[in-house]
> 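Structure in structure tokens, see below.
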Amino acid sequence: MEYTALLEKQILGRLKIDNPWWTEGRIPSYYQEMSPRLYLDIFYPLVRDVSIQRALILMGPRRVGKTVMLYHSIQRLIDEGVSPQNIIYVSVETPIYNNILLEQLFSLAKQILDKEDSQEEFYVFFDEIQYLKDWEINLKSLVDTYHNVKFVASGSAAAALKKSSNESGAGRFTDFNLPPLLFFEYIHLKKYEHLMRQSKVEWDGIESDIYSTIDIDKLNSLFLDYINYGGYPEVAFSSRMQEDPGQFVRHDIVDKVLLRDLPSLYGISDVQELNSLFTMIAYHSGMEFSYESMSKESGVKKETIRRYVQYLEAAFLIKVVTRTDDTAKRFQRQTTFKIYLTNPSLRCALFEPIKIMDGNIGDMIETAIYSQWIPRKGHIAYANWKMGRSQGEVDLVGINDALQKPCWAVEIKWSDRFFDRPSELSSLQFFMEKNHLPQALVTSISKGGVKEMDFGTLHFIPSACYAYTVGENTLRQARKSFGL
């Protein structure tokens, strides 16, 4: 589109609409009424910090609340005394901004505010920045030029954002990943934290926090709701959307990623292939796959499937979990691996809500627990090995990369049977003995407690309590990683 005086007038008008606080002194009530995500308390101090000359890049899947977090940050800035006229918000995906450089948009906003030559401190938010070609070059140039401005950008197309920020923004960008709602957040946003009780457990000689509940039936009901509807804040709080999650999640999230984002980023011509692959993965979340078997089943070449899996992972839709053997040895060639949805409610949207005792509820419990771990740094895997004529497996293993040894193990069960019959956990016993692990954790439906076995200590905890505990630790680790 040719840049004309008429186009500039339209852009100026749009900028005024997008920044109502310039005249009203606050963000729109629609955003004010939304409960802030707990990640805001970690994100906002990074927005406020102008001492380091770096842009802050907020990344994550569609509809996890990135735009809302930007608006809540803007309101906090205003509440803390920053002039509303020194805060600029630009939604880069707005069609009228197509191919307009970030610096030009910044200059036009300052023109409206009559601050073209001002040396004041500004906070500038670019939402959905991936829609501007070469955004990272534009943004790096702004960071280098305007030392009195804090630039914050968000984007959904994680693949392009991560790749670009790593290559072109070295030393100039700070990445902040916003995952789907954690179960810990879900409970707090729903105001059910009174159900939880914090206690201590000794683990490897260190006291660790762990949670129990005063009402396991209610917590399990909430956990099931979380699995079906809880990954996206809007769905979690809207009974109307929960009546037809497919309409909202599938059309507004999955289809846009599969039919628009990924094809435009990677030049995918056969979107039907990609869509079929994702649907198959979603239905079998938590199961073991191989490129060989996926190729045979779909008729698509192995290399093509390998690329599609990488794209889906980069777009935050799935997580590939590597396999180790009974000694946590890495395989030179990964022939089999597990794939989990990053958010269990994606499956509900594509198919139907899952019920508490459905045949595949165990896979979705496992998916929900893995989704609490995915945002963290650290190497987690599953262990699988031949054990005589049978196969041994442990669901979740923490790997010490320096020593190439497992440091902890978790067996995920949606059953209380093993609390009463812990000797039936033969794979876990074998793994603990082989790797000299003094203790391990086993999840259940409702039973918790400690069982002292000949081969070590087993800590039993209800799956929902474990998901809540891991979620809180994930938030804590995120806070710590930014020095907060």
Side-chain angles (χ1 to χ4, degrees), residues 61 179-183 220 223-231 249 254 276-294 297-298 305 308-310 312-313 315-324 334-376 379-385 391-399 409-415 418 425 427-428 431 441-445 461-464 466-467 470-471 474:
L181 276 179
L182 299 169
F183 186 53
N220 278 340
F223 194 38
L224 185 68
D225 285 345
Y226 169 77
I227 287 171
N228 283 323
Y229 313 112
V249 178
V254 178
S276 296
L277 178 71
F278 177 68
T279 303
M280 185 263 288
I281 289 171
Y283 190 78
H284 296 293
S285 177
M287 291 187 67
E288 196 170 49
F289 293 89
S290 74
Y291 291 122
E292 188 77 42
S293 63
M294 292 165 87
E297 190 174 328
S298 64
I305 289 180
Y308 285 169
V309 167
Q310 288 171 350
L312 292 169
E313 188 169 29
F316 290 120
L317 290 177
I318 64 171
K319 176 67 176 176
V320 176
V321 177
T322 56
R323 172 183 165 233
T324 69
Q334 280 285 342
T335 54
T336 57
F337 45 86
K338 283 189 177 182
I339 303 180
Y340 291 92
L341 291 170
T342 54
N343 175 354
S345 58
L346 278 169
R347 189 189 187 282
C348 166
L350 289 170
F351 304 106
E352 60 184 0
I354 201 160
K355 296 181 176 62
I356 202 81
M357 294 313 289
D358 278 357
N360 51 1
I361 183 69
D363 290 334
M364 296 317 296
I365 296 292
E366 200 172 310
T367 297
I369 286 174
Y370 255 98
S371 71
Q372 313 305 302
W373 280 96
I374 287 170
R376 291 207 210 176
H379 184 190
I380 58 170
Y382 73 100
N384 188 296
W385 67 93
Q391 203 82 4
E393 181 167 307
V394 174
D395 294 318
L396 186 56
V397 175
I399 307 292
V410 176
E411 188 64 23
I412 301 169
K413 299 292 187 186
W414 186 244
S415 169
F418 298 96
L425 296 164
S427 287
L428 183 60
F431 190 80
L441 194 145
V442 184
T443 74
S444 65
I445 294 178
I461 179 173
S463 296
Y466 180 63
V470 174
T474 295

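When a residue number appears, it is its place in the shown sequence, counting from 1.
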> Measure the spacing between CG of L224 and CD1 of I361 and express it to the nearest 0.5 Å.
5.5 Å

> Determine whether I369 and F183 make a side-chain contact, defined as any pair of heavy atoms from C-beta on separated by less than 4.5 Å.
no

> Hey, are the side chains of L317 and F278 touching, using non-hydrogen atoms and a 4.5 Å cut-off?
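SC-SC contact between L317 and F278 confirmed.
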
> Check the pair D395, K338 against side chain to side chain contact (heavy atoms under 4.5 Å, CB included), reporting the backbone distance first and the verdict last.
CA-CA 10 Å; D395 294 318; K338 283 189 177 182; 4.1 Å; yes

> Mind checking what makes salt bridge (Lys or Arg N to Asp or Glu O under 4.0 Å) contact with E297, not counting sequence neighbours?
none

> Measure across I365 and I227 and return the closest heavy-atom pair with its distance rounded to 0.1 Å.
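Closest approach of I365 to I227: CD1-CD1, 3.7 Å.
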
> Just do the side chain to side chain contact (heavy atoms under 4.5 Å, CB included) check on L277 and Y308 with the steps written out, would you?
CA-CA 8 Å; L277 178 71; Y308 285 169; 3.5 Å; yes

> Minimum heavy-atom separation for F223 and A368, please, with both atom names.
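For F223 versus A368, the nearest heavy atoms are CZ-CB, 3.9 Å.
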
> Between CG of L341 and OG of S371, what distance do you get to the nearest 0.5 Å?
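Answer rounded to 0.5 Å: 9.5 Å.
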
> For T474 and R376, does a side-chain donor sit closer than 3.5 Å to a side-chain acceptor?
yes

> Could you pull out the closest heavy-atom pair between I445 and P462, with the gap in Å?
O-CB, 3.7 Å

> Given M364, which of C348, P344, S345 fulfils the side-chain contact (heavy atoms from CB on, under 4.5 Å) condition?
P344

> Applying salt bridge (Lys or Arg N to Asp or Glu O under 4.0 Å), can you list everything that pairs with K413, at least two apart in sequence or on another chain?
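Partners of K413 by the salt bridge (Lys or Arg N to Asp or Glu O under 4.0 Å) criterion, ordered by chain and then number, come out as E411.
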
> If you count every heavy atom of other residues, nucleotides or ligands that lies below 6.0 Å from Y283 atom OH, does the total exceed 12?
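12 or below, so no.
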
> So do the side chains of P61 and P180 get within less than 4.5 Å of each other, counting heavy atoms only?
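Yes, at least one pair of side-chain atoms sits under 4.5 Å.
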
> To the nearest 0.5 Å, tell me how far S444 OG sits from I461 CD1.
8.0 Å

> Using a 6.0 Å distance limit plus a 45 degree cone around the ring axis, check whether R323 lies over the aromatic ring of Y382.
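Checked: cation-pi criterion not met.
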
> Can you tell if the side chain of M294 reaches within under 4.5 Å of the side chain of I281, non-hydrogen atoms only?
yes

> Just wondering, do L396 and I380 contact through their side chains at under 4.5 Å, heavy atoms?
yes

> List the atom of A282, the atom of L350, and the distance in Å for their closest heavy-atom pair.
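Of all heavy-atom pairs spanning A282 and L350, the closest is CB-CD1, 3.5 Å.
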
> Mind checking the CZ-CD1 spacing from F289 to I318? Nearest 0.5 Å is all I need.
8.5 Å

> Looking only at side-chain N and O atoms, does T367 offer a donor or acceptor that is under 3.5 Å from a partner on S285?
yes

> Are the side chains of Y291 and V309 in touch, meaning some heavy atoms are under 4.5 Å apart?
yes

> Checking N384 side chain against T324 main chain: does a donor-acceptor pair fall under 3.5 Å?
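No, N384 side chain to T324 backbone: no donor-acceptor pair under 3.5 Å.
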
> Mind checking side chain to side chain donor-acceptor pair (under 3.5 Å) for S290 and listing every partner two or more places apart, or none if nothing turns up?
S293

> Kindly determine whether R347 and E352 satisfy salt bridge (charged side-chain N to carboxylate O under 4.0 Å, His left out), including the steps that lead there.
CA-CA 7 Å; R347 189 189 187 282; E352 60 184 0; over 6 Å; no

> Do you know the tightest heavy-atom contact between A381 and V321?
CA-CG1, 3.7 Å

> Do V442 and V410 have side chains that get closer than 4.5 Å, going by heavy atoms?
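The answer is no, as the side chains (C-beta and beyond) never meet within the 4.5 Å cut-off.
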
> Closer than 3.5 angstrom, by distance alone: can the side chain of N228 be matched with the main-chain N or O of D225 as a donor-acceptor pair?
no

> How many angstroms lie between atom CG of L346 and atom CZ of F316, to the nearest 0.5 angstrom?
13.0 Å

> Please check if the side chain of E313 supplies one atom and the backbone of V320 the other of a donor-acceptor pair under 3.5 Å.
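It does hold such a pair.
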
> How long is the straight-line distance from OG1 of T335 back to CD of E288, given to the nearest 0.5 Å?
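With rounding to 0.5 Å, CD (E288) is 8.0 Å from OG1 (T335).
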
> Hey, does the side chain of W414 reach the backbone of D363 with a donor-acceptor pair shorter than 3.5 angstrom?
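A pair under 3.5 Å: no.
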
> Flag the pair E366 / Y340 as yes when at least one side-chain heavy-atom distance between them is below 4.5 Å, and no otherwise.
yes

